[in-house]
There are 2 protein chains.
Amino acid sequence: MPRIVRHPEVRRAELLAAAGRLFSARGYEAASVDDIIGEVGLSKGAFYYYFPSKDALLEALARQAAERARAELEAILAAPAMSAVEQLNAFLRRGRGTDRAAEAIATFASIFSPENIVLYHRMHRTVMTVMAPALARIIEKGRREGSMASNDPLISAELVLLLGAVTHGAVADLLAAEGADALSQAIAAFERRLAEQGLAVDRILGLPDGTARFVEPGFVAAMAAARPNRNPLGATVAAG
Amino acid sequence: MPRIVRHPEVRRAELLAAAGRLFSARGYEAASVDDIIGEVGLSKGAFYYYFPSKDALLEALARQAAERARAELEAILAAPAMSAVEQLNAFLRRGRGTDRAAEAIATFASIFSPENIVLYHRMHRTVMTVMAPALARIIEKGRREGSMASNDPLISAELVLLLGAVTHGAVADLLAAEGADALSQAIAAFERRLAEQGLAVDRILGLPDGTARFVEPGFVAAMAAARPNRNPLGATVAAG
DNA sequence: TGCTACAGACCGCCAGTCGGTATAACTGAC
DNA sequence: GTCAGTTATACCGACTGGCGGTCTGTAGCA
């Protein structure tokens with residue numbers, strides 16, 4: 001086979017990109033190392049030259065995601081003109097504008113699928129460790145401004161983040177919904193759920209009811225409209 | 001090899017029991033089907049006579065756990081003498097008495113270990129579908145009694161259950177703590193966390209602060225005291 | 001000339017398959 | 001009631017394909 005040499009950073013990025021695609025599409029376990037190197041056009045030996053194990057590749061992918069999330073956050077935190085409450089809402093809605101609904105539903109569809117628990121968990125854990133302290137800073141600011149209450153900003157931050165990550169079931173329902181009736185029902189259920197989650201955040205942080213909102217209005221409907229094409233036999237996503 | 005025939009129900013139970021032990025001890029992926037049948041003294045063919053796949057065995061195990069949880073709940077729900085608030089606390093503390101601390105820490109240690117995400121997730125999901133409606137009934141009762149507030153008892157129930165399942169990190173810290181100082185710090189952190197989670201539940205359900213409590217006093221210390229013996233090299237549970 | 005980035009045959013293990021079989025349970029003849 | 005014949009059930013274990021990971025190299029750039 002022709003031997004093609006690239007800059008290590010480029011190769012590493014290629015592997016991460018291919019792994020990201022394949023893990024999302026097929027699930028972490030179902031996507032083999034051979035699949036990944038096949039996509040990049042690399043040998044087994046070269047792969048293990050870059051990553052000590054398949055798990056390390058997953059870890060690197062999670063770190064990458066966390067790093068990107070952190071970068072997105074810096075922008076919010078760096079804006080001193082915003083009140084803590086405004087920052088909170090900006091935080092909760094990051095990447096959840098109606099314009100990014102298609103992107104969001106695609107991500108959800110792959111990451112919340114049953115065969116992707118491992119991928120989801122890794123991402124979540126790693127991103128969480130980056131996000132929690134950032135959100136805690138917002139909560140502390142809110143406390144100083146007198147708009148928020150919390151005994152322990154870091155713990156409160158983790159609880160709030162947790163509430164943001166419970167969308168699993170509702171997303172699955174949204175993806176599985178067949179027919180206009182079921183779809184509009186799923187949308188309504190999803191929005192009720194998001195409203196309740198927002199309320200829970202308000203209560204935990206001592207904000208007036210209706211202050212925190214996880215998505216901007218119309219986001220769920222936009223996501224539903226942008227659902228990835230499902231196979232004609234139905235049940236793309238197994239129930240449960 | 002001698003051929004030993006048993007009643008199918010007995011064999012099935014044997015397999016479930018062995019799988020429960022091995023999955024907990026080594027993790028779902030690390031415990032092979034060969035390990036399980038080795039423990040039971042059965043052949044590969046016989047195993048696949050009972051379960052169509054290793055995953056189906058995990059599913060059956062999760063169902064079993066859910067069924068047991070449901071049975072435990074019936075007792076609480078069947079007691080009409082208890083107020084909804086009392087039922088809530090009984091619910092939150094099920095299996096969390098100081099007398100059951102040893103059992104609890106052992107369960108946590110295995111189920112929250114990094115290599116057991118799959119096992120944890122399955123159990124959690126299955127048990128959740130059983131628990132959420134039960135807790136929702138308690139919340140409805142509380143609403144009728146005027147002690148609780150909720151727009152949607154089922155969603156509130158799911159949020160409350162979720163809050164009960166966030167103990168991961170703190171448990172890991174508790175298990176990893178080396179030396180008296182670190183241990184007492186981990187205990188304190190755990191208790192602060194549980195207190196905050198209790199507060200969050202209070203707020204979500206419109207209860208006075210300090211009403212809901214996830215464990216009885218002294219439970220965390222009792223758990224810490226009952227930690228399973230860790231290997232002398234330290235770091236039984238990998239960080240994170 | 002030496003080190004870095006690569007190649008690919010190879011290994012052990014694992015979930016799952018398959019053809020076969022011992023044994024218990026049932027049948028009917030006497 | 002018992003005993004050969006038959007069937008269905010519960011079981012055996014060699015085998016397969018594919019997986020993650022290893023190892024011995026080696027081409028190509030510096």
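Keep in mind the model is a prediction, meaning the values are calculated, not measured. Lettering of chains follows the sequences in order, A, B, ..., and the numbering in each one begins at 1.
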Closest to the Tyr49(B) side chain, choosing from dT9(D), dC12(D), dC6(C) |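 Of the candidates, dT9(D) comes closest.
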Output all residues satisfying side chain to side chain contact (heavy atoms under 4.5 Å, CB included) with [X], sequence neighbours left out; order by chain, then residue number.
X: Val5(B); value: none
X: Asn116(A); value: Tyr28(A), Ser113(A), Leu119(A)
X: Ser32(B); value: Asp34(B), Asp35(B)
X: Leu77(A); value: Ala134(A), Arg137(A), Ile138(A)

Report yes if at least one side-chain N or O of Arg11(B) is closer than 4.0 Å to OP1 or OP2 of dC11(D); otherwise report no.
->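 Answer yes for this pair, as a side-chain N or O of Arg11(B) is under 4.0 Å from OP1 or OP2.
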Should Tyr50(B) be listed as having a side-chain N or O under 4.0 Å from OP1 or OP2 of dC11(D)?
->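 Yes, such a contact exists.
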Name all pairs fulfilling the salt bridge (Lys or Arg N to Asp or Glu O under 4.0 Å) condition that reach into residues 155-164 of chain B, sequence neighbours left out, sorted by first residue then second.
->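 The answer is Arg193(A)-Glu158(B).
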Figure out the [atom1]/[atom2] separation between [X] and [N], and round it to whole Å.
X: Phe47(A); N: dA5(C); atom1: CZ; atom2: P; result: 16 Å
X: Glu9(A); N: dA5(C); atom1: CD; atom2: P; result: 10 Å
X: Arg6(B); N: dA24(C); atom1: CZ; atom2: P; result: 12 Å
X: Arg26(A); N: dG18(D); atom1: CZ; atom2: C1'; result: 14 Å
X: Ile36(A); N: dG21(D); atom1: CD1; atom2: P; result: 11 Å
X: Ile37(A); N: dA7(C); atom1: CD1; atom2: P; result: 9 Å

Please identify each residue that fulfils salt bridge (charged side-chain N to carboxylate O under 4.0 Å, His left out) with Asp173(A), with sequence neighbours left out.
->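 Here no residue qualifies.
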Please list, chain by chain and in numerical order, all residues satisfying salt bridge (charged side-chain N to carboxylate O under 4.0 Å, His left out) with Glu14(A), sequence neighbours excluded.
->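 Partners of Glu14(A) under the salt bridge (charged side-chain N to carboxylate O under 4.0 Å, His left out) test: Arg6(A), Arg11(A).
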What string of B, S and - do you get for nucleotides 24-30 of chain D, 5' to 3', if B is base contact, S is sugar-phosphate-only contact and - is no contact with any protein heavy atom under 4.0 Å?
-> -BBB---
Where is the tightest heavy-atom contact between Arg227(A) and Ala177(A), given as atom of each residue plus distance?
->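 So the minimum-distance heavy-atom pair works out to NH1-O, 3.0 Å.
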Sequence neighbours excluded, which residues qualify as ring-ring contact (aromatic ring centres under 6.0 Å, His included) partners of Phe47(B)?
->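 For Phe47(B) the ring-ring contact (aromatic ring centres under 6.0 Å, His included) partners, ignoring immediate neighbours, are Phe51(B).
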ring-ring contact (aromatic ring centres under 6.0 Å, His included) involving Phe91(B) - partner list, sequence neighbours excluded =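 Partners of Phe91(B) by the ring-ring contact (aromatic ring centres under 6.0 Å, His included) criterion come out as none, since no residue qualifies.
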Under 4.0 Å from any atom of DNA chain D, heavy atoms only: list the residues of residues 13-24 of chain A that qualify, in numerical order.
->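 Close to the strand, none.
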Would you tabulate the pairs of protein nitrogen or oxygen atoms and nucleotide nitrogen or oxygen atoms of nucleotides 13-15 of chain C closer than 3.5 angstrom?
| residue | atom | partner | partner atom | Å |
| --- | --- | --- | --- | --- |
| dA15(C) | OP1 | Lys54(B) | NZ | 2.7 |
| dA15(C) | OP2 | Val33(B) | N | 2.9 |
| dA15(C) | N7 | Lys44(B) | NZ | 3.4 |

Report, as yes or no, whether the 6.0 Å neighbourhood of atom CZ on Arg93(B) holds more than 12 heavy atoms from other residues, nucleotides or ligands.
->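 Yes, enclosed.
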